[in-house]
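Heads up: the structure comes next, in structure tokens.
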Amino acid sequence: MNALRGQLELWRLHLAVIVLGVIAELIGIRKIPFGIGAILLLPLLYAFVMAALMNPNVMPKFAKFIRQKEVQAASPLIVIAIMPFIAKFGTTIGPAIETIIEAGPALLLQELGNLGTIVLAFPLAVWGLKMGREAIGATFSIAREPNLAIIADRYTLKSAEGTGVMGVYVLGTLFGTFIFAILASVFASLDVFDPRALAMACGIGSGSMMAACTGALTEVIPGMKDEILALAGASNLLTYATGLYAGLFIALPIVEKLYNATAGKNDLATATKKEV
Amino acid sequence: MSDSVISVKTTRPKIDIADHAFTLIVVCLVGLVMNTVGPAIPIADGFVGMVVIYLISMVGLLLTRYAPFYLPSVAWISLVGIVATLPWTPGSEWIVAQAKSVNFLALATPALAYAGFAIAKKEIEVAKHSGWKLALVACLVFLGTYAGSVLVAELILRLQGV
């Protein structure tokens, strides 16, 4: 019963999660009017912010209750805490299997939409901000764990490419849920897109970002809650299955070729100049 | 979280099933509190729903550990949840009804609280050193993946006319 003792010794952590979680749930979902739509604030966002403020690494002054021991124990607990959430999403997919099959082609092909990271972010990074090879790691994917593994394997995480992917990974960990809550709120309040398309796009291979994204969507479009959950969950599962391969065989080669064909030439030019 | 970053695992991790079984109970109880407080679902209904969710997660974990081929635990758990609720699975109606008593956002709240507590020194350093350029690029990366998927899905749905 090591596990029992281990978790009991972590009572501070679990108690803090319960207290902050209850506060977050009591505050509830809030709408902030923004332009033509509204930005949705969700309990999961408050819970994250409050926990971060109690984290000794973020707020050394305030943080007395939570120690480094709890911080280290919290990391593997995220994975376990997301499991019931993933199970719940699974149970929304089964009953909606006909909706999923009907939307099958869109569901499959929208995975290619993840290459939008390259379309939007690569030009800015390389031509706008004159970034070096960091741009390759930063823009080929949304930098979740499988994508880290790809870069770690090919370039190591200490390389320039590794710096790029790690930066986006950490920024995503810290701010991804907020960004996706805002993105989904804004896209949904535009009232231009099919809610099914908005839902599928929420499945990006990260449980917490999908939670924020679908949470915002179901608030704006409550009538389609079941369909939204099912399609987002199916798309997320599809990304779990395909994300690694799409990154390795499609996205990374494209970004490398783009970089070598454009900015990489300058790199070579300056390198030869220096040699001369 | 920094540990998982440094040692990115691509091989099948050895899952201690007994350890996970207990930790998952703790996490489910925390989730049940959120489910009762926020969405105000009666605790008796929420409890049965959470038991169902727990069992789905556990079957998924067992498959992650013992299935002849490796898939990440989240993928197995999703698949078990799907198969258990397909219309032609015996008893699926009951499972669906119970799972409806569990709110998905209430389950995400504790996960994000653990995530807030898990922020490591190294991550704060990386975030600080990344600078505004990488922050700007990161925003466009997220916008790009979302907008890209929305546009492709919208186009295909319209072409299909469904």
Side-chain angles (χ1 to χ4, degrees), chain A residues 3 7 17-18 20-22 24-25 43-44 47-48 51-52 55 57 74-75 77-78 80-88 90-91 93-95 102 105-106 109-110 113-114 116-117 120-121 124-125 129 138 142 148-149 152 166-168 170-171 179 183 193-194 197 200-201 211 215 237 240, chain B residues 1 8 10 19 22-23 26-28 30-31 33-34 37-38 53 56-57 74-75 77-78 81-82 85-86 96 99 102 104-105 107-119 121 123-124 126-127 130 133-134 137-138 140-142 144-150 152-154 156-157 162:
Chain A
Q7 293 307 318
V17 167
I18 291 173
L20 296 187
V22 165
E25 289 292 337
L44 63 101
F48 182 73
N55 184 315
N57 295 321
S75 194
L77 276 167
I78 308 169
I80 298 187
I82 212 80
M83 286 175 186
F85 171 83
I86 294 291
K88 162 69 190 178
T91 65
I93 298 174
E102 191 181 67
L109 287 168
Q110 60 83 33
N114 294 338
T117 61
L120 273 187
L124 174 88
L129 302 171
I142 61 151
L148 278 186
M166 275 298 291
V168 179
V170 170
L171 292 169
I179 295 173
L183 279 177
F193 299 105
D194 191 319
M200 286 180 217
L237 178 60
Y240 281 141
Chain B
M1 256 181 265
V8 184
T10 43
D19 192 280
F22 181 75
T23 311
V26 175
V27 165
C28 282
V30 175
V33 175
M34 304 308 144
V37 174
I53 293 293
I56 291 172
S57 309
V74 280
I77 293 169
S78 294
I82 294 169
T85 53
L86 285 172
V96 172
V102 177
F104 78 101
L105 273 180
L107 291 182
T109 302
L112 265 291
Y114 287 113
F117 285 126
I119 298 170
K121 262 203 189 83
E123 288 178 310
I124 303 282
V126 171
S130 295
K133 281 187 181 180
L134 209 55
V137 170
L140 281 196
V141 163
F142 290 115
T145 192
Y146 192 69
S149 294
V150 169
V152 174
E154 180 78 27
I156 307 290
L157 287 173
V162 291

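Computed from a prediction, not measured in an experiment: that's the story for all the values here.
Note on B/V152, B/L112, B/L140: by heavy-atom pairs under 4.5 Å with chain A, the leading option is B/L112. Comparing A/A24, A/A74, A/A211, A/P43 by heavy-atom pairs within less than 4.5 Å of chain B, the highest count is held by A/A74. The most heavy-atom pairs under 4.5 Å with chain B, out of A/L183, A/L20, A/I82, A/V168, come from A/L183. The greatest number of non-hydrogen atom pairs below 4.5 Å with chain A, out of B/I82, B/L86, B/V37, B/V126, is found for B/I82.
Residue contact with chain A, scored on non-hydrogen atoms closer than 4.5 Å, involves the side chain of B/V26 exclusively. Interface remark: B/I124 contributes side-chain atoms only to the contact with chain A (heavy atom separation under 4.5 Å). If you measure heavy-atom distances from A/L124 to chain B, the contacts under 4.5 Å come from the side chain alone. Of the atoms belonging to B/T109, heavy atoms from both backbone and side chain fall under 4.5 Å from chain A. Contacts between B/V137 and chain A at a heavy-atom distance below 4.5 Å involve backbone atoms as well as side-chain atoms. Contact annotation for A/I179: only side-chain heavy atoms (C-beta onward) come within less than 4.5 Å of a heavy atom of chain B. Heavy atoms of A/L129 lying under 4.5 Å from chain B belong to its backbone as well as its side chain. Within the 4.5 angstrom heavy-atom criterion, only side-chain atoms of B/V33, from C-beta onward, approach chain A. In this structure, chain B has heavy atoms under 4.5 Å from both the backbone and the side chain of A/I18.
At least one donor-acceptor pair under 3.5 Å links the side chain of A/K88 to the backbone N or O of B/V102. Side-chain N or O atoms of B/S149 include one that pairs as donor or acceptor with a backbone N or O of A/Q110 at under 3.5 Å. Although no hydrogens or angles enter the test, the distance criterion places no donor-acceptor pair under 3.5 Å between the side chain of A/D194 and the main chain of B/E154. The closest donor-acceptor contact from the side chain of B/K133 to the backbone of A/A125 lies at 3.5 Å or more, if one exists at all.
Contact between B/C28 and A/P84 at its shortest, heavy atoms only, is SG-CG, 4.0 Å. Closest approach of B/V96 and A/P95 over heavy atoms only: CG2-CG, 3.6 Å. The minimum heavy-atom distance between A/A51 and B/A113, with the atom names listed, is CB-O, 3.2 Å. Here the shortest heavy-atom pairing between B/V150 and A/A201 reads CG2-CB, 3.4 Å. Nearest heavy-atom pair, B/V141 versus A/A138, reported as atom, atom and distance to 0.1 Å: CG2-O, 3.3 Å. Closest of all the heavy-atom pairs between A/L171 and B/A127 is CD2-CB, 4.5 Å.
Here the OH atom belonging to A/Y240 is positioned 9.5 Å from the CD1 atom belonging to B/I77, to the nearest 0.5 angstrom. Taking CD1 of B/I56 as the reference point, atom CE of A/M83 lies at 14.0 Å (rounded to 0.5 Å). The CZ atom of B/F104 sits 9.0 Å away from atom CG of A/L44, with the distance rounded to the nearest 0.5 Å.
In this structure, B/S78 and A/I93 have side chains that are not in contact, with every pair of non-hydrogen atoms separated by 4.5 Å or more. The shortest distance between side-chain heavy atoms of B/I119 and A/F48 falls below 4.5 Å.
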Steps toward side chain to side chain contact (heavy atoms under 4.5 Å, CB included) verdict (B/I156, A/M200) | CA-CA 12 Å; B/I156 307 290; A/M200 286 180 217; over 6 Å; no

I would like to know whether A/L77 and B/T23 meet side chain to side chain contact (heavy atoms under 4.5 Å, CB included); could you show each step before the answer?
-> CA-CA 8 Å; A/L77 276 167; B/T23 311; 3.4 Å; yes

